[in-house]
Protein chains: 2
Amino acid sequence: MSERDEREIRLGEARRLSQLLICVAEQAKAGFAAAVAPFGLPVPLARAFLTLGSSAPMRDLADRLACDRSYVTSLADQLEERGLVARVPGDDRRVKLLALTEAGEELRERMSTALAEQALVLRRLDDADRAALAPLLEKLVGDDEAGAPAGW
Amino acid sequence: MSERDEREIRLGEARRLSQLLICVAEQAKAGFAAAVAPFGLPVPLARAFLTLGSSAPMRDLADRLACDRSYVTSLADQLEERGLVARVPGDDRRVKLLALTEAGEELRERMSTALAEQALVLRRLDDADRAALAPLLEKLVGDDEAGAPAGW
DNA sequence: TATTGTTATACTCTATAACTATA
DNA sequence: TATAGTTATAGAGTATAACAATA
C-alpha cells in the first residue's frame, strides 16, 4: 500500500471519528437542554447560572463563558428577575459580584443533580468504559488554556 | 462507604466526564469554524453544504440538519448564489433536489480534506488512542436514530 | 386531505460601540 | 489612561404561520 493510500485511510478514519464526536456532542447538548427544561431556564441562562460558582465578578463570568461583558449584563438581568442571583458590590467599587440567592443555591443543587443523572456517560457506559474514556478526553482537550472547569 | 456516598461519587464523576465532553465538543466546533473559514462559508452554510451528499431532496436535508424546511430554503438560496448547488426538479413534481454543481463538488473535496487534516482526533491522539476511542463514541451515540452519517 | 417548497415575519442569542463610574 | 458594568442597537441564525402547487 502506498504512502498516499495510507494517508487517505488515516484521513478517512479521522473524518469518521470527528463525525462521531460531533454526533455525541449534539446528543449531549440535547440532553442538557432536556434536563434543564423542566426548571424553566432557557439553555444559555442555565449555562451561565451553572457556570457561575456561588459568586463571581461579572467580568469573570464573561471570561468563563467566552462572551462579551454586555451579554453578561443581560444574563444577570434575567437571573436577577427570577430571583436566582443578586448583584453585590465588590471590593473594587467598579466591580459587581453575581451571587446566588438562597433560591439560586437550592435550584443549582437540583439542576446539577438532574444533569448528572441523565448524563450520556452514565446511561451508555459502564465503569470500565468511563475509566477508559476519561484520559482520552483529557488528551483531546489538551492543556491549551481555559479548561474552564465550570461550576457544576 | 455508604450506598449514598457511592452514588454521590458516581454522579460527581459523571459530571466531570460530561464537562470534559462538552469541552472537547467546543474545541471541535471551534476547529470546524477555523478550518472552514478560509473557504468563505459561514459555519451553518458549511454544515449544510457538507451534510448534503452530492444530491438530496430539500426535505431530507431539513431532516438531517434537524431544522425547519423554511430554513433549508434560505440555506439553498445562499448556496445557489455562490454557485455551489443547483435546485433540480425531482420525480415527484413537488420535490426539489439540491445537487452539487461542479464547483460545489470541487469545493467539497477540498473542504473535506482540510477538515480531516486539522481534526482534533488526529492532532492529539495516536493510533492506539483512536482505536480505543471509536467504540466508546459508538456506545455513546447509541443506535437511537439519526446517526446522520453526514456526507463529509 | 397531506406534503413540498416558499414567503414574510418575528424571535433568540450575541456582539459592537458609545457611555458612566471608578481606578 | 485603563477597566467594570450598562445601554442602545444591530446582526446572525433559526422558527412560525400562511400560502401555492402537487399528490
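Computed from a predicted structure; not experimentally measured.
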key: Nearest heavy-atom neighbours spanning A:L97 and A:G90   =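 So the minimum-distance heavy-atom pair works out to CD2-CA, 3.2 Å.
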
request  = Grab the two heavy atoms, one from A:L52 and one from A:L61, that are nearest each other, plus how far apart they are.
outcome  =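 Looking at all heavy atoms of both residues, the shortest contact is N-CD1, 3.9 Å.
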
Could you check how far [atom1] of [X] sits from [atom2] of [N], rounded to whole Å?
X	N	atom1	atom2	answer
B:L79	C:dG5	CG	C1'	16 Å
B:Q78	D:dT14	CD	P	10 Å
A:M58	D:dT3	CE	P	18 Å
B:L75	C:dT6	CG	P	11 Å
B:D91	C:dT4	CG	P	15 Å
B:L98	C:dG5	CG	C1'	10 Å
A:D60	D:dA4	CG	P	9 Å
A:L61	D:dA4	CG	P	14 Å

task = Please list, chain by chain and in numerical order, all residues satisfying side-chain hydrogen bond (donor to acceptor under 3.5 Å, both in side chains) with A:K96, sequence neighbours excluded.
result =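 Counting only residues at least two positions away or on another chain, A:K96 forms no side-chain hydrogen bond (donor to acceptor under 3.5 Å, both in side chains).
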
inquiry  = Tell me every residue that passes side chain to side chain contact (heavy atoms under 4.5 Å, CB included) with A:T101, counting only those two or more places apart in sequence or in another chain.
reply    =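 Once residues adjacent in sequence are excluded, the partners of A:T101 under the side chain to side chain contact (heavy atoms under 4.5 Å, CB included) criterion are A:A86, A:A103.
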
ask   = For the helix from C:dT1-D:dA23 to C:dA23-D:dT1, what is the angle between the axes at its two ends, each from 5 pairs, rounded to 10°?
value =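 Overall, the helix from C:dT1-D:dA23 to C:dA23-D:dT1 bends by 0° from one end axis to the other.
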
Within 6.0 angstrom of B:D126 CG, more than 12 heavy atoms from elsewhere =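 Yes, enclosed.
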
Any protein N or O atoms within reach of nucleotides 20-22 of chain C? Criterion: under 3.5 Å, listing atom names and distances.
none

request  = For A:R130 and B:L17, run side-chain contact (heavy atoms from CB on, under 4.5 Å): C-alpha distance rounded to whole Å, both residues' side-chain angles, the deciding distance at 0.1 Å, then the answer.
outcome  = CA-CA 8 Å; A:R130 285 197 293 277; B:L17 259 188; 3.7 Å; yes

ask   = side-chain contact (heavy atoms from CB on, under 4.5 Å) between A:L125 and A:L120: does it pass, once the steps are laid out?
value = CA-CA 8 Å; A:L125 300 183; A:L120 227 46; over 6 Å; no

Could you give the side-chain donor-acceptor pairs of residues 3-11 of chain B under 3.5 Å, partners two or more places apart or in another chain?
residue, atom, partner, partner atom, Å
B:D5, OD2, B:S2, OG, 3.4
B:R7, NH2, A:E117, OE2, 2.5
B:R10, NH1, A:D127, OD1, 3.2

inquiry  = When you compare the side chain of A:L140 with that of B:Q27, does any pair of heavy atoms fall below 4.5 Å?
reply    =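 B:Q27 vs A:L140: side chains apart.
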
request  = Name the residue closer to the 5' end of DNA chain C, choosing between B:D77 and B:V95 according to the nucleotide with the nearest heavy atom.
outcome  =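 Its nearest nucleotide being more 5', the pick is B:V95.
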
query = Is it true that a side-chain atom of B:R123 and a backbone atom of B:Q118 form a donor plus acceptor pair closer than 3.5 Å?
reply =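 Confirmed, B:R123 side chain pairs with B:Q118 backbone.
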
ask   = In residues 65-73 of chain A, which residues come under 4.0 Å of DNA chain C by heavy atom?
value =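 Listed by number, they are A:A66, A:C67, A:D68, A:S70, A:Y71.
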
From CG (A:L75) to CZ (A:R47), nearest 0.5 Å =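 So the CG of A:L75 and the CZ of A:R47 are separated by 9.5 Å.
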
